[in-house]
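Before any comments, here is the structure.
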Amino acid sequence: MELQLKGIKKSFGRKEVLRDCSFAFEKGKIYGLLGRNGAGKTTLFNCLTDETQPDSGSASILPENGSPYELTPDQIGYVFSTPVLPDFLTGYEFIKFYMDINEGHIDAGKTIDDYFDIVKIQPEDRHRLIKGYSHGMKNKIQMLCFIISRPPVILLDEPLTSFDVVVALEIKQLLREIKHDHIIIFSTHILQLATDLCDEIVVLSEGHLQQVDHAMLQ
């Protein structure tokens, strides 16, 4: 399976952010989307999720056997750099709600507690209000959402930049464990993080995407 981007362009007024973004991302790999702050990484993600309408271009899924079809928002798991979650619910209440609305996608053999175990949220924290969660715990809840719904494409917008070392290591390991079933694109402006975690590096510069050899970045 591939995610194929062809000629995606986006301008804001006279500022041309994405000039001609074309690339093929393969299932089973973690891609580091590397670019300086303001390069357009979040804009590209927003174009893929329909948060922002691109001026032109297309994004499609090419299955292993079959014809390509248009990428739609329900095929994407998006982990925001700043978590967007209902603070008035407990972690347990939110995950139960999310499992209920994604009943057709979830693994029937897993319970709510099984999912919490995957991301190492302790039993005593599961019934606390999300409002009281740390940034790292909120990002773990975001990640639980795509583990439950299992979308083919996962976009991560700089999710590790504010984590402590232990939580960052846990999430890196989680991504490595699930990558075989997904296309994972991980945006960051930190070179060391990209080379440590990702299988392939794609640089967004001057509105274009270009793959870079790991060895060139050492």
Side-chain angles (χ1 to χ4, degrees), residues 1-63 68-84 139 142-143 145-146 149-162 171-172 175 178-179 181-214 216-217:
M1 180 176 65
E2 288 185 356
L3 169 63
Q4 298 183 334
L5 310 185
K6 295 183 179 179
I8 294 179
K9 299 180 181 181
K10 182 63 185 178
S11 296
F12 296 96
R14 295 184 178 181
K15 182 175 177 59
E16 196 174 29
V17 179
L18 305 176
R19 294 184 178 179
D20 185 8
C21 287
S22 300
F23 200 82
F25 297 92
E26 300 177 10
K27 175 183 174 181
K29 293 182 178 180
I30 301 175
Y31 288 86
L33 179 61
L34 191 64
R36 65 183 64 182
N37 287 329
K41 302 184 299 294
T42 299
T43 297
L44 177 59
F45 280 3
N46 287 342
C47 286
L48 297 180
T49 58
D50 280 352
E51 291 290 325
T52 299
Q53 190 66 32
D55 299 328
S56 61
S58 65
S60 58
I61 295 289
L62 177 62
Y69 55 89
E70 182 181 359
L71 179 71
T72 56
D74 64 336
Q75 296 165 328
I76 300 172
Y78 194 173
V79 176
F80 297 88
S81 55
T82 301
V84 180
N139 256 320
Q142 283 194 108
M143 291 190 177
C145 291
F146 67 67
S149 58
R150 297 187 288 185
V153 178
I154 295 172
L155 307 178
L156 302 106
D157 191 2
E158 307 224 22
L160 299 183
T161 53
S162 59
I171 292 180
K172 285 180 184 179
L175 292 173
I178 68 170
K179 71 177 184 177
D181 298 318
H182 303 274
I183 297 165
I184 299 178
I185 308 174
F186 183 105
S187 83
T188 183
H189 63 279
I190 302 174
L191 176 59
Q192 183 177 355
L193 179 58
T195 54
D196 175 55
L197 174 63
C198 302
D199 302 296
E200 305 284 352
I201 304 295
V202 182
V203 174
L204 177 57
S205 179
E206 298 183 351
H208 299 277
L209 292 172
Q210 180 179 0
Q211 187 167 351
V212 179
D213 192 314
H214 265 72
M216 295 176 61
L217 300 173

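Residue numbers count from 1 along this sequence. Any value given below was found using the heavy atoms of this structure, including those in side chains, with hydrogens, waters and symmetry copies removed.
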Query raised in the report: Can you pull the ring pair (Phe, Tyr, Trp, His ring centres under 6.0 Å) pairs that have at least one residue in residues 191-210, sequence neighbours excluded?
Result: none

List the atom of [X], the atom of [Y], and the distance in Å for their closest heavy-atom pair.
{"X": "Glu2", "Y": "Ala24", "result": "OE1-CB, 3.7 Å"}
{"X": "Asp20", "Y": "Gly7", "result": "OD1-CA, 3.0 Å"}
{"X": "Gly77", "Y": "Phe146", "result": "CA-CB, 4.2 Å"}
{"X": "Leu48", "Y": "Ala59", "result": "CD2-CB, 3.7 Å"}
{"X": "Gly40", "Y": "Leu204", "result": "C-CD2, 3.4 Å"}
{"X": "Asp199", "Y": "Gly28", "result": "OD2-O, 4.3 Å"}

Would you say [X] and [Y] make side-chain contact, with heavy atoms under 4.5 Å?
{"X": "Phe45", "Y": "Ile76", "answer": "no"}
{"X": "Leu44", "Y": "Leu209", "answer": "yes"}
{"X": "Ile154", "Y": "Met143", "answer": "no"}
{"X": "Val212", "Y": "Leu34", "answer": "no"}
{"X": "Leu5", "Y": "Leu71", "answer": "no"}

Spatial distance of atom [atom1] ([X]) from atom [atom2] ([Y]) [nearest 0.5 Å]:
{"X": "His189", "Y": "Asn37", "atom1": "NE2", "atom2": "CG", "result": "4.5 Å"}
{"X": "Leu197", "Y": "Thr188", "atom1": "CG", "atom2": "OG1", "result": "9.5 Å"}
{"X": "Cys198", "Y": "Lys29", "atom1": "SG", "atom2": "NZ", "result": "12.0 Å"}
{"X": "Arg19", "Y": "Ser205", "atom1": "CZ", "atom2": "OG", "result": "9.0 Å"}
{"X": "Leu3", "Y": "Ile184", "atom1": "CG", "atom2": "CD1", "result": "12.5 Å"}
{"X": "Ile183", "Y": "Met1", "atom1": "CD1", "atom2": "CE", "result": "4.0 Å"}

Query raised in the report: Counting only heavy atoms not in Gln211, do more than 12 fall under 6.0 Å of its CD?
Result: yes

Query raised in the report: For Thr42, what residues pass the side chain to side chain contact (heavy atoms under 4.5 Å, CB included) criterion, not counting sequence neighbours?
Result: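 Partners of Thr42 under the side chain to side chain contact (heavy atoms under 4.5 Å, CB included) test: Asn46, Tyr78, Asp157.
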
Report summary line: Sorted by chain and residue number, the side chain to side chain contact (heavy atoms under 4.5 Å, CB included) partners of Lys10 (sequence neighbours excluded) come out as Phe12, Leu18, Thr43, Cys47, Thr52, Asp55

Query - Main-chain N/O of Arg150 paired with His182 side-chain donor or acceptor, under 3.5 Å - result: no

Query raised in the report: Hey, does the side chain of Lys41 reach the backbone of Gly35 with a donor-acceptor pair shorter than 3.5 angstrom?
Result: yes

